[in-house]
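Worksheet for the structure shown next.
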Amino acid sequence: MIGIFDSGIGGLTVARALIKCLPEYDILYFGDTARTPYGTKSPETVIQYAIEDAKILIEKGAQILVVGCNTASSVATEKLRESFDMPIFEVISPAVHEVVSNNRGKRVGIIGTRATVNSNVYQDKIKAARPDIKVFTAPCPLLVPLVEEGWLNRGETRKIVKRYLYPLKLKQIDTLILGCTHYPLLKEIIQAKIGKRVKIIDSSETLSGTVKNFLAGNTHIANRLSKKGTHRIFVSDITNHIQKLASTILKDANKLEHIKL
Ligand code: DGL
């Protein structure tokens with residue numbers, strides 16, 4: 001099975017993209033709703049949680065692991081790869097690959113949680129591959145709570161998005177990476193505020209393409225993964241609100257299963 005984890009239910013945007021790309025594969029999702037958010041926490045805490053999340057999925061039968069959370073991908077990937085001997089995918093490298101392999105983007109903006117932006121992982125990876133690309137970042141800490149409140153199309157949300165994107169607009173970016181699980185849900189507002197000419201890279205979509213290519217090129221691994229098209233969604237805490245939001249992001253999430261930490 002393909003295991004995917006996130007700090008909460010925002011990562012269902014990544015699961016949704018993965019399911020669209022690989023509909024036949026069985027998917028296990030774990031959202032750490034009891035300890036979310038990760039984006040405001042220290043790297044040490046996020047690493048500890050990420051290792052615990054991965055263990056939960058492996059115990060449930062995951063044979064490959066997807067770190068759906070940008071914050072955990074930024075700070076915990078190295079430790080996860082040291083701790084678990086299995087294919088581990090994160091959401092950062094595929095988005096970076098899309099940027100550096102394309103000659104279009106010369107001025108790239110990155111938005112994410114504070115932890116993701118402060119980790120410098122996106123910035124360092126882009127610079128290492130293409131020193132000619134100028135990278136600009138903007139942490140957008142209020143967007144996660146706004147999405148979790150379901151304020152996807154409110155005037156207040158539009159204003160805050162505009163305010164966060166303004167410095168990137170001044171830098172005349174041509175490409176913008178959505179470096180957070182929640183931002184695909186605000187994609188239309190983000191596109192409207194940053195401008196039509198800016199290409200938006202959704203890290204959930206680039207990740208899915210990478211996993212699909214990997215499985216196509218590694219049939220011995222792909223053949224071992226079960227393919228009944230089932231999707232089980234586990235969370236460490238359930239409330240009515242979490243359940244409602246989860247089903248809005250992904251239809252299959254209408255029956256969340258609780259795992260006690
Ligand atoms: N999943 C987180 C991310 O993609 C956003 C929510 C949080 O801060 O935990 O960075």
Side-chain angles (χ1 to χ4, degrees), residues 3-18 29-54 56-57 65-77 80 88-96 109-123 125 137-152 157 160-161 164 176-187 190 200-208 233-237 239 241-242 245-246 248-250 253 261:
I4 162 167
F5 76 84
D6 177 45
S7 56
I9 45 172
L12 288 173
T13 57
V14 184
R16 186 173 71 179
L18 203 60
Y29 179 94
F30 175 64
D32 192 4
T33 46
R35 299 187 294 195
T36 200
Y38 286 6
T40 51
K41 298 199 167 68
S42 68
E44 294 72 28
T45 301
V46 175
I47 289 170
Q48 181 206 320
Y49 290 174
I51 287 177
E52 290 166 13
D53 299 344
I56 288 172
L57 287 171
L65 211 58
V66 174
V67 187
C69 177
N70 274 261
T71 302
S73 292
S74 303
V75 303
T77 300
L80 287 165
I88 298 180
F89 298 88
E90 36 78 26
V91 279
I92 314 252
S93 307
V96 167
I110 296 158
I111 51 174
T113 63
R114 268 209 189 93
T116 296
V117 170
N118 289 345
S119 75
N120 283 318
V121 172
Y122 274 109
Q123 299 93 305
K125 280 183 188 282
T137 57
C140 304
L142 291 173
L143 300 189
V144 166
L146 285 169
V147 168
E148 300 209 337
E149 273 310 305
W151 285 27
L152 299 182
T157 307
I160 291 170
V161 169
Y164 277 145
L176 177 65
I177 298 181
L178 305 186
C180 176
T181 46
H182 291 55
Y183 302 171
L185 300 167
L186 298 172
K187 200 168 174 175
I190 292 172
I200 291 191
I201 296 181
D202 178 339
S203 53
S204 70
E205 286 169 4
T206 44
L207 169 275
S208 309
I233 320 281
F234 298 95
V235 288
S236 49
D237 190 28
T239 61
H241 184 72
I242 289 173
L245 190 59
T248 336
I249 304 175
L250 182 70
L261 291 179

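One-based numbering, in listed order, for ligands and for the atoms of each. Numbering starts at 1 and runs along the sequence shown.
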pair L178-I201: side-chain heavy atoms closer than 4.5 Å: no
Side chains of V147 and L186 in contact at under 4.5 Å (non-hydrogen atoms): yes
D237: side-chain hydrogen bond (donor to acceptor under 3.5 Å, both in side chains) partners, not counting sequence neighbours: none
Residues that N118 engages under side-chain hydrogen bond (donor to acceptor under 3.5 Å, both in side chains), provided they are two or more places apart: none
L12 CG to S204 OG distance, which is reported to the nearest 0.5 Å: 11.5 Å
Distance dump, ligand 1 polar atoms to protein, N/O, under 3.5 Å:
| from | atom 1 | to | atom 2 | distance (Å) |
| --- | --- | --- | --- | --- |
| ligand 1 | 1 (N) | D6 | OD1 | 2.8 |
| ligand 1 | 1 (N) | S7 | OG | 3.0 |
| ligand 1 | 1 (N) | T181 | OG1 | 3.0 |
| ligand 1 | 4 (O) | N70 | N | 3.0 |
| ligand 1 | 4 (O) | T181 | N | 3.0 |
| ligand 1 | 4 (O) | T181 | OG1 | 3.2 |
| ligand 1 | 8 (O) | Y38 | N | 3.4 |
| ligand 1 | 8 (O) | G39 | N | 2.8 |
| ligand 1 | 9 (O) | S7 | OG | 2.6 |
| ligand 1 | 9 (O) | Y38 | N | 2.6 |
| ligand 1 | 10 (O) | T71 | N | 3.1 |
| ligand 1 | 10 (O) | T71 | OG1 | 2.6 |

Salt bridge (Lys or Arg N to Asp or Glu O under 4.0 Å) pairs, two or more places apart, involving residues 29-38: D32-R35, R35-E52, R35-D53
